[in-house]
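Report on the structure given below.
The model shown is predicted, which means the values in this text are computed figures rather than measured ones. Order of the sequence lines fixes the chain letters, A, B, ..., with proteins taken first and strands second; residue numbering starts at 1 for each chain.
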Protein chains: 2
Amino acid sequence: MIYSPVTIGTFPDMSSEEPGLRARKKQRTRETIVEVAMRLFAERGFDGTTIADIAAAADIAPRTFFGYFPSKEAVVFHEHDELLASFAARLQARRPGETAFDALRAWLLELIATLGVDDPHGDVRRRLIAETPALAAHDRANRAQLETVLAEAVAVDLGTSADALAPHLAAAAAIATLDALDRYYDGHAQPEAVKGILDEALAFLHGGLRALPRKPAAGARGKRRP
Amino acid sequence: MIYSPVTIGTFPDMSSEEPGLRARKKQRTRETIVEVAMRLFAERGFDGTTIADIAAAADIAPRTFFGYFPSKEAVVFHEHDELLASFAARLQARRPGETAFDALRAWLLELIATLGVDDPHGDVRRRLIAETPALAAHDRANRAQLETVLAEAVAVDLGTSADALAPHLAAAAAIATLDALDRYYDGHAQPEAVKGILDEALAFLHGGLRALPRKPAAGARGKRRP
DNA sequence: AGCAAATATTGCGCTCACTGCAATTCTGCA
DNA sequence: TGCAGAATTGCAGTGAGCGCAATATTTGCT
């Protein structure tokens with residue numbers, strides 16, 4: 001119900017140069033499912049939409065749905081695997097001297113810049129997560145994965161073992177920033193606000209509560225403070 | 001699937017002085033269900049145990065199970081509501097000058113002292129959570145609730161609004177400590193190790209990564225460092 | 001004790017997610 | 001064109017969870 005990999009058959013190539021007809025068709029079907037499902041979710045709600053509805057609207061057999069996604073929830077988070085991989089790669093690829101948090105910051109900013117153009121489902125997804133406990137749970141599970149890879153990288157930075165306390169605390173706080181980002185991201189990308197949030201978060205990570213302004217009053221649209 | 005309150009009928013009194021036969025009986029049944037279910041889970045695993053199994057073993061009708069717990073998962077976390085309430089109360093009741101983190105620390109230490117005598121299912125629960133994704137998800141949901149009440153208290157401490165960034169980051173990091181506690185808590189309470197972990201966590205919360213020792217090597221059994 | 005209202009238990013039937021398996025259809029390639 | 005591998009599908013089943021109505025039990029009251 002929360003596992004990621006798809007199990008039926010082998011997923012078509014995608015990695016080698018030529019996608020091939022087969023792979024392209026599968027990709028297209030996948031996209032159709034996502035499109036159709038998100039539309040239905042938006043219209044009738046997540047719980048108000050059955051797998052049968054989705055299958056019918058996507059013109060596939062109900063059974064076939066599970067060849068593409070392991071659960072109904074997974075459709076809502078269809079990009080998660082890529083995001084996770086991309087983040088892990090970005091952490092791997094950081095320059096010497098660049099901390100894991102620097103990488104997180106850079107990755108997020110780039111992601112947001114890209115998403116602004118490219119994520120037609122962001123608003124729906126946020127709404128669905130907010131109103132559907134099962135999706136909120138899934139979302140937390142996804143974040144926990146991000147947290148894990150981040151914690152590993154932080155551990156390297158700090159020179160501690162991967163299961164030491166500090167990296168996990170720091171990673172948890174860093175990932176909690178994503179919540180804030182989502183909260184303040186309501187649909188319209190505001191790179192300024194995002195940067196403010198990220199800078200406040202980094203200040204906290206580095207210097208703790210001591211490093212934070214005492215009375216930022218309302219909201220988290222922090223006037224960044226190094 | 002994750003909501004807390006039980007829905008069938010009104011839960012018997014429990015708050016006024018005299019429990020009454022009805023309430024006592026319900027309480028007894030509830031405990032029976034927990035006992036029986038945890039035993040079955042331990043023997044056959046969470047997924048290997050059906051509601052029907054539990055009902056049969058507890059000598060109630062399957063339908064009746066749902067008068068006591070809203071889901072199979074809820075049985076595993078049967079004390080969560082009390083814990084949450086107790087934590088919220090402790091936060092409410094802190095003395096002037098006592099920070100939310102102080103309260104968290106005190107609450108945890110007391111809890112652990114109590115649990116040592118009183119939590120016969122702790123080990124099983126930890127094992128189940130580790131091996132069952134659905135339970136891990138539930139566990140995260142529970143922690144998120146703790147995080148929310150903690151963040152509110154921290155916001156008061158900091159003089160920020162409840163949805164500002166800082167309190168949430170700090171609360172997330174603080175709650176992440178519970179993970180570590182669980183990891184190192186393998187069955188045998190070790191108040192020393194627990195205090196070490198808590199102190200390291202508090203140091204991080206207050207002073208950030210800057211405040212932490214650079215090379216604690218393996219594990220999180222931190223030699224506390226103010 | 002006896003009765004009526006409140007509450008708890010139960011059975012029944014239903015919906016829906018999800019799975020294993022085997023039959024069938026399709027695609028890529030020789 | 002034909003074949004091997006891969007994808008689609010149907011079928012039958014399991015199990016969680018819910019709404020509802022019937023039944024049983026408890027409680028407060030007289």
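Nucleic acid contact class of Thr29(B) (heavy atoms, under 4.0 Å, all strands): none.
In this structure, CG of Asp59(B) is placed 12 Å from C1' of dT9(C), rounded to the nearest angstrom. Spacing between atom NZ of Lys72(A) and atom P of dT15(C) amounts to 15 Å, rounded to whole angstrom units. Distance, Asp47(A) CG to dG17(D) C1': 12 Å, rounded to whole Å. Between Asp53(B) atom CG and dT14(D) atom C1' there is a gap of 12 Å when expressed in whole angstrom units. Ile33(B) has its CD1 atom 14 Å from the C1' atom of dT10(C), to the nearest Å. Rounded to whole Å, atom P of dT15(C) lies 16 Å from atom CZ of Arg44(A). We find that CD1 of Ile60(A) is positioned 14 Å from C1' of dG10(D), with the value rounded to whole Å. Atoms CZ (Phe65(B)) and C1' (dA16(D)) sit 10 Å apart, rounded to a whole Å.
In this structure, the side chain of Thr177(A) engages the main chain of Ala174(A) through a donor-acceptor pair within 3.5 Å. Between the Arg125(B) side chain and the Phe77(B) main chain, no donor and acceptor come within less than 3.5 Å of each other. Not a single donor-acceptor pair under 3.5 Å links the side chain of Arg44(A) to the backbone N or O of Phe41(A). Without hydrogens or angle criteria, Thr50(A) side chain to Asp53(A) main chain gives a donor-acceptor distance under 3.5 Å. Within the 3.5 Å criterion, the main-chain N or O of Leu109(A) finds no donor-acceptor partner in the side chain of Lys195(A).
Considering only side-chain atoms of Lys26(A), the nucleotide from dC18(C), dG11(C), dT8(D) that sits closest is dT8(D). Comparing dC18(C), dC18(D), dT8(D) by their nearest atom to the side chain of Thr64(A) picks out dT8(D). With dG17(D), dT9(D), dG11(C) as the candidates, the nucleotide lying closest to the side chain of Pro62(B) is dG11(C). Each of dA17(C), dT9(D), dA16(D) was ranked by its minimum atom distance to the side chain of Phe66(B); first place goes to dA16(D).
An OP1 or OP2 oxygen of dA7(D) is reached within less than 4.0 angstrom by no side-chain nitrogen or oxygen of Tyr68(A). Proximity of Thr50(B) to the phosphate of dG15(D): no side-chain N or O atom is located under 4.0 Å from OP1 or OP2.
Remark: Glu35(B) engages His121(B) in a side-chain hydrogen bond (donor to acceptor under 3.5 Å, both in side chains) (not counting sequence neighbours). Every residue was checked against the side chain to side chain contact (heavy atoms under 4.5 Å, CB included) condition with Val156(A), not counting sequence neighbours, and none meets it.
For Arg63(A) and dG20(C), a side-chain-to-base donor-acceptor distance below 3.5 Å is present, hydrogens and geometry of angles not being considered.
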Between protein and nucleotides 26-30 of chain C, what N or O pairs are separated by less than 3.5 Å?
unit_1  : atom_1 : unit_2   : atom_2 : d
dT27(C) : OP1    : Lys25(A) : NZ     : 3.0
dG28(C) : OP1    : Leu21(A) : N      : 3.3
dG28(C) : OP1    : Arg22(A) : N      : 2.8

